[in-house]
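To keep things clear, I will list the structure first and then write my remarks on it.
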Amino acid sequence: MNIHFSLFFSALLHVAIIYPQDPVLRMGSNLTASCWVHPDLGVHAGSLYWTLNGQQLPPSLYRVLSPTNLSVTLAGLNASRQTSGDNLVCHNHKGHILAGSCLYVGMPPEKPVNLTCWSRNTKDLTCSWVPGGRGETNISTQYTLKYKLRWYGKEKECEDYTHAQPYSCSITRDLHLFTPYEIWVEASNQLGRATSDVITLDILDVVTTDPPSGVTVSRVGQLEDQLSVRWEAPPALKDFLFQAKYQIRYRLEDSQDWKVMDDVGNQTSCRLAGLRPGTVYFVQVRCNPVGIYGSRKAGIWSEWSHPTAASTPHSERLMSGSCDSKSSGDSNSTLRRELKQFFGWVRKHAYGCSSMSMKLYDQWRVLMQKSHKTRNQVLQGDKS
């Protein structure tokens with residue numbers, strides 16, 4: 001059956017029909033479409049007109065091919081405005097719709113890039129990627145994550161695309177540890193297909209954890225420039241053979257700038273020093289599994305824990321009165337200078353959360369408080 005007879009037969013079954021029906025075209029293509037009307041309709045093709053997405057097309061683009069056939073030619077088609085296609089419609093002289101067709105104008109997919117994967121507590125494997133090129137084909141494009149065991153595995157397709165991130169998929173069952181996987185992404189639409197580079201990984205090398213739980217922040221006695229932070233290791237990894245390392249970050253209540261402590265190590269407590277007295281701080285902790293099951297590669301940092309807030313005590317020296325404002329000011333200035341010198345020494349010779357530096361600091365604070373008390377007694381003795 002030739003095209004013309006097929007169209008004529010279709011027009012007998014319908015009021016009218018457009019050919020081609022729902023074509024898929026590359027951007028910049030030209031298209032000639034025909035509107036065939038039923039002969040019994042009593043409508044001459046010369047009285048018809050076309051619209052594209054509701055906008056009437058100029059008659060200069062039309063051509064009457066027969067009393068029942070009106071064509072329109074569109075040159076240099078732009079990309080479809082939406083993945084559901086652009087609406088090309090044929091109307092009679094009264095504006096009634098006789099037939100319609102959807103135009104899908106876009107580009108074949110380009111090679112997906114930035115394929116990365118991570119495993120949450122070794123229980124799954126989630127991978128994400130970025131579409132190649134400008135990232136938009138303007139027509140419906142399907143992305144399929146594929147994987148297999150490197151040497152002897154059968155090719156499989158990831159099925160769970162419900163992850164919160166776009167362009168991602170999670171493999172949640174039948175995972176093997178201590179065995180490398182080959183993973184790649186295939187992109188396809190009606191204009192072509194493309195495949196990403198293949199990455200090879202062992203799940204144990206891309207482990208991340210849930211954030212540390214039970215994060216608490218509390219004062220350290222009446223020390224106005226310190227807060228104590230404690231937390232628990234991620235629950236799902238407590239039974240695994242791994243060493244964790246942690247990071248802490250904290251910020252002032254009225255600031256968005258976080259200060260990060262990188263040298264916390266694998267302990268689950270830390271003391272923040274050098275803080276402002278009488279100030280609210282927000283604190284977060286995150287975890288990185290290192291050497292899990294003997295892997296030589298560092299894991300991936302977890303998300304930060306939910307912010308926990310606490311305030312440092314108000315400074316008694318700043319709140320208490322003094323009979324000699326000059327002497328008090330000189331004393332505070334000297335104390336602050338000595339504090340600055342001490343913390344400079346700690347940063348140079350000790351580690352941020354080590355017990356040694358905290359013990360030294362506590363001893364030093366006791367010494368300074370005694371010295372400060374003695375200085376005040378001498379000043380008061382001089383006045384008398």
Side-chain angles (χ1 to χ4, degrees), residues 1-113 130-144 161 166-167 186-194:
M1 183 181 295
N2 61 45
I3 293 176
H4 293 286
F5 183 79
S6 176
L7 289 171
F8 179 76
F9 181 75
S10 297
L12 291 177
L13 300 177
H14 303 86
V15 172
I17 190 171
I18 292 177
Y19 176 83
Q21 187 65 210
D22 303 339
V24 181
L25 306 159
R26 290 185 68 122
M27 290 171 54
S29 298
N30 300 333
L31 170 69
T32 297
S34 297
C35 179
W36 294 72
V37 296
H38 195 289
D40 293 342
L41 197 61
V43 175
H44 192 277
S47 66
L48 307 179
Y49 69 90
W50 293 88
T51 62
L52 181 62
N53 293 327
Q55 299 294 318
Q56 185 170 344
L57 296 172
S60 59
L61 304 179
Y62 306 168
R63 182 183 176 190
V64 177
L65 301 179
S66 74
T68 58
N69 186 3
L70 178 69
S71 71
V72 63
T73 299
L74 305 175
L77 290 169
N78 294 321
S80 296
R81 297 182 184 179
Q82 52 191 9
T83 55
S84 59
D86 293 331
N87 297 316
L88 181 63
V89 178
C90 175
H91 303 258
N92 66 13
H93 65 286
K94 293 182 179 180
H96 297 152
I97 296 175
L98 299 179
S101 177
C102 286
L103 309 184
Y104 299 93
V105 184
M107 296 295 292
E110 295 190 42
K111 172 182 173 181
V113 295
V130 176
R134 295 182 179 180
E136 181 56 68
T137 61
N138 295 104
I139 59 175
S140 179
T141 300
Q142 181 174 353
Y143 293 86
T144 305
Y161 292 89
Y167 305 114
E186 293 182 0
S188 62
N189 61 26
Q190 290 175 282
L191 293 174
R193 63 175 53 246

Q. Going through the distances and angles, do Leu57 and Leu88 end up as a side chain to side chain contact (heavy atoms under 4.5 Å, CB included)?
A. CA-CA 10 Å; Leu57 296 172; Leu88 181 63; 4.0 Å; yes
Minimum heavy-atom separation for [X] to [Y], with atom names?
| X | Y | result |
| --- | --- | --- |
| Ile18 | Ala33 | CG2-CB, 4.4 Å |
| Pro131 | Val113 | O-CG2, 4.3 Å |
| Gln21 | Gly100 | OE1-O, 3.0 Å |
| Ala194 | Pro109 | CB-O, 3.6 Å |

Can you check whether [Y]'s main-chain N or O pairs, donor with acceptor, with [X]'s side chain at less than 3.5 Å?
| X | Y | answer |
| --- | --- | --- |
| Asp22 | Cys102 | yes |
| Ser34 | Leu70 | no |
| Asn30 | Gly76 | yes |
| Ser80 | Val105 | yes |
| Thr141 | Ile139 | yes |

Distance in Å, [X] [atom1] paired with [Y] [atom2], rounded so as to fall on 0.5 Å steps:
| X | Y | atom1 | atom2 | value |
| --- | --- | --- | --- | --- |
| His44 | His93 | NE2 | NE2 | 13.5 Å |
| Leu77 | Arg26 | CG | CZ | 13.0 Å |
| Trp36 | Leu98 | CH2 | CG | 15.0 Å |
| Leu103 | Asn78 | CG | CG | 11.5 Å |

Evaluate the side-chain proximity of [Y] to [X]: yes if any heavy-atom separation is below 4.5 Å, no if none is.
| X | Y | value |
| --- | --- | --- |
| Ser140 | Asn189 | no |
| Thr137 | Leu191 | no |
| Leu41 | Asn92 | no |
| Tyr161 | Thr144 | yes |

**Q.** Partners meeting side-chain contact (heavy atoms from CB on, under 4.5 Å) with Thr32 (sequence neighbours left out)
**A.** Ser71, Thr73
Q.
For residues 54-94, which residue pairs pass the disulfide bond (SG atoms under 2.5 Å apart) check, not counting sequence neighbours?
A. Cys35-Cys90
Q. Do other residues, nucleotides or ligands put more than 12 heavy atoms under 6.0 Å from Gln190 CD?
A. no
Q) Does anything in residues 50-62 pair up under side-chain hydrogen bond (donor to acceptor under 3.5 Å, both in side chains), and if so which pairs, sequence neighbours excluded? A) Thr51-His91, Asn53-Asp86
